[in-house]
Structure formats: structure tokens, C-alpha cells
Protein chains: 2
Amino acid sequence: MRIGELATSTGVSVRALRYYEEQALLIPERSGGGQRHYDEAAVDRVQLIQTLYAAGLSSRTILALLPCVDAKVNTPQSRALLNAERGRIDQQINQLIEARARLDDVIALSESPASGCNRTGAALV
Amino acid sequence: MRIGELATSTGVSVRALRYYEEQALLIPERSGGGQRHYDEAAVDRVQLIQTLYAAGLSSRTILALLPCVDAKVNTPQSRALLNAERGRIDQQINQLIEARARLDDVIALSESPASGCNRTGAALV
DNA sequence: CTAGAACCTGACGTGGACGTGAGGGACAAG
DNA sequence: CTTGTCCCTCACGTCCACGTCAGGTTCTAG
């Protein structure tokens with residue numbers, strides 16, 4: 001499949017796919033004219049990359065992890081990296097849970113009196 | 001307390017504290033010479049700000065929430081905002097849990113064979 | 001064969017939370 | 001009064017995952 005089809009079937013932009021290649025995360029074949037051609041497995045790989053990006057991993061880190069996925073390879077370094085990232089994610093989850101609890105505190109407080117928070121009505125976020 | 005003391009006692013940089021003021025998140029008094037002076041409550045406020053930043057909220061959103069914390073105010077808009085952000089955080093937690101599961105898959109696979117993932121030994125992350 | 005859609009390679013722009021000097025005041029200690 | 005440390009205000013730099021043109025090429029349908 002060409003880049004446009006992969007983009008629509010994964011929901012990421014064409015630019016993002018080219019960026020993944022730039023970062024050596026997903027390197028497609030090329031047709032005679034220089035156009036990128038991806039196989040079916042690329043769909044899953046793109047989704048994995050997106051998942052890891054969403055977890056806050058950098059391109060560099062993902063690049064280091066992908067060989068482990070592809071070849072089921074295994075070294076002390078790779079295990080250390082995997083565990084380190086797992087720990088980072090755990091920590092991040094805990095931070096989010098803490099933040100949610102703080103928000104819940106605010107929500108609980110804001111459910112009795114009546115006053116003017118954000119009276120301006122200005123757009124937020 | 002002056003800015004340096006608040007910085008060390010909260011663990012954030014002096015630059016960050018000035019940035020918070022720029023964003024109207026934490027506005028201190030000024031001494032005759034123009035130096036910032038914070039009260040004790042600033043420590044908690046900085047920590048709250050940090051927590052919300054860590055949860056991915058923007059300065060604008062935090063700015064909109066802080067009046068709710070300070071004055072326990074309450075409007076339909078503020079409740080909507082609080083709930084929206086709560087939802088975002090929940091969603092982000094779920095994404096992280098998913099990412100962790102994918103990492104666990106990789107870890108499980110990488111705990112039987114032996115091969116060369118990241119043979120280069122290059123620094124990661 | 002031709003129009004048009006999809007693709008290509010640069011290369012600069014973006015947004016957010018600061019980092020990092022430059023150049024100059026403020027303030028307690030001696 | 002001077003030294004040293006902390007503080008001030010600009011204001012440009014950074015990182016990173018892309019967005020967004022510009023100018024040109026390739027592929028496909030008719």
C-alpha cells in the first residue's frame with residue numbers, strides 16, 4: 001500500500017509517516033519512481049508506535065525497543081531499557097492518579113456554594 | 001520568602017516561578033526594590049501547579065481552574081471544565097495502561113531467547 | 001496522451017514550558 | 001563604602017512531533 005492508504009487506515013498523517021521513516025522507526029520499500037510502499041504489517045507497527053508515543057516515549061527510545069519486538073531479541077541492556085520504561089510509565093500513571101484526586105477535591109468543594117468561576121465565559125483549553 | 005527560597009523548597013527552578021507569574025498562575029507581592037515576595041501558601045500552590053502540569057493541563061486551563069480552588073466558586077462552566085479535564089486524565093491513564101501492557105508483551109517475549117537488542121550499547125533515552 | 005490525483009524532497013513554522021546568557025539593580029555582611 | 005550574593009528584566013535558544021507551504025515528479029483513469 002502507498003503512504004496515503006496507510007495514513008487513512010491508521011489515522012495518522014502522511015507527514016507523520018514520513019517522520020517515522022526519518023526516525024528509522026518504519027522504513028518502507030520504494031517503487032521505481034521513488035514512492036513508498038508499505039506491507040500489511042505496517043498498520044500494526046504504526047499503531048504500536050502511536051501507543052508508545054502516547055505513553056511519552058521518545059523516538060530514540062522507541063527506536064531502541066523496536067528490534068526487541070521484531071526479532072524477540074534479548075540482552076541485559078534491552079531488559080534494563082524495557083524495565084526502565086515500564087517504571088517510567090507506572091510513575092506517570094501514579095502522577096495522573098494524584099492529579100485526578102486533586103481535581104476531585106476541587107470538584108467536591110465546588111458542589112455546594114454558588115459563585116463566579118470563569119465568569120468571562122472565555123474559551124478554555 | 002524570596003524567589004530563590006521558594007524555588008529550592010519546591011524543587012522548581014527560579015525561571016519556572018517567574019514563568020508562572022507571567023501566566024498569572026502565582027502572582028507574588030513586590031518589595032520596594034521590585035523583588036518578589038511569596039507567602040507560605042505559595043509552596044502548596046506551586047506543588048498543585050506542578051501536579052496539574054504533569055497531568056498534561058496547559059497554563060490556560062490551570063489558570064481557569066485556580067479560582068475554583070481559591071474561592072470555592074462554582075458555575076456551570078467551571079463544572080464542565082473540571083469534568084472535561086477529569087475525563088481527559090482518565091483517558092490518558094487508560095492509554096498509559098495500554099502502553100504498559102504492550103511493553104509487558106515485549107518483555108514477556110524477550111525473556112526466553114538470547115540475541116542482540118541494542119548491541120551498540122549506545123546511550124538511550 | 002492528457003488531466004488530475006497522489007506522491008516526492010527540502011525547508012521553515014508551531015506550541016509550550018521552560019533554559020540560558022546579557023546587562024544591570026537590591027540588599028545583608030564586614 | 002565595598003564586596004558578594006541574590007535578584008531584576010528583556011529576549012533569544014531548545015526540544016520534538018509533527019503542520020504547512022513551495023516547486024517538481026509519478027501514477028492512474030479515461
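Order of the sequence lines sets the chain letters (A, B, ...), proteins ahead of strands, with each chain counted from 1. Side chains included, hydrogens not; waters and symmetry mates left out as well; all remaining heavy atoms used.
- Residue B:Ser59 has a polar side-chain atom (N or O) positioned under 4.0 Å from OP1 or OP2 of C:dA17.
- Regarding A:Glu5, its CD atom lies at a distance of 16 Å from the P atom of D:dC27, rounded to whole Å.
- Across all non-hydrogen atoms, the minimal contact from A:Ile49 to A:Ile62 is O-CD1, 4.1 Å.
- Residues B:Tyr38 and B:Pro28 share a closest heavy-atom pair of CE2-CB, 3.5 Å.
- Two residues, A:Val14 and B:Val14, neighbour DNA chain C, and the one matched to the more 5' nucleotide by heavy-atom proximity is A:Val14.
- For the atom pair B:Gln91 CD and A:Leu96 CG, the distance stands at 11.5 Å (nearest 0.5 Å).
- Atom CE of B:Met1 and atom P of D:dC7 are 11 Å apart (whole Å).
- Within the 4.0 Å cut-off from OP1 or OP2 of D:dT26, not a single side-chain nitrogen or oxygen of A:Ser31 is found.
- Look at B:Ser13 and you'll find a side-chain N or O under 4.0 angstrom from OP1 or OP2 of C:dG19.
- Distance A:Ile3 CD1 to C:dA5 C1': 15 Å, rounded to the nearest Å.
- Within 4.0 Å of B:Leu57, counting heavy atoms only, lie sugar-phosphate atoms of the nucleic acid but no base atom.
- Atom CG of B:Leu17 is separated from atom C1' of D:dT9 by 16 Å (rounded to the nearest Å).
- In this structure, OH of B:Tyr20 is placed 12 Å from C1' of C:dG16, rounded to the nearest angstrom.
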For A:Glu21 and A:Arg18, what are the C-alpha separation, side-chain angles and deciding distance, and is it a salt bridge (charged side-chain N to carboxylate O under 4.0 Å, His left out)?
-> CA-CA 5 Å; A:Glu21 183 178 3; A:Arg18 290 204 263 254; over 6 Å; no
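- Atom NE2 of A:His37 is separated from atom C1' of C:dC8 by 12 Å (rounded to the nearest Å).
- Ion pairing between a basic and an acidic side chain is recognised when a charged N comes within 4.0 Å of a carboxylate O; A:Asp39 and A:Arg45 show no such pairing.
- Looking at A:Ser59 and A:Tyr20, their side chains never bring a donor and an acceptor atom within 3.5 Å of each other.
- Between the CG atom of B:Leu25 and the C1' atom of C:dG16 there is a distance of 13 Å, given to the nearest Å.
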Check nucleotides 9-12 of chain C for protein N or O atoms closer than 3.5 Å to its own N or O atoms and list the pairs.
from	atom 1	to	atom 2	distance (Å)
C:dT9	OP1	A:Arg30	NH1	3.1
C:dT9	OP1	A:Arg30	NH2	3.2
C:dT9	OP2	A:Arg36	NH1	3.0
C:dT9	OP2	A:Arg36	NH2	2.7

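- Residue B:Tyr19 places at least one side-chain N or O under 4.0 Å from the OP1 or OP2 atom of C:dA17.
- Smallest separation of non-hydrogen atoms from B:Thr51 and A:Arg102: CG2-CG, 4.3 Å.
- Comparing A:Ala16 and A:Gly32 by the nucleotide of DNA chain D that holds the closest heavy atom to each, the one mapping nearer the 5' end is A:Ala16.
- Distance CD (B:Glu29) to P (D:dC8): 14 Å, rounded to an integer number of Å.
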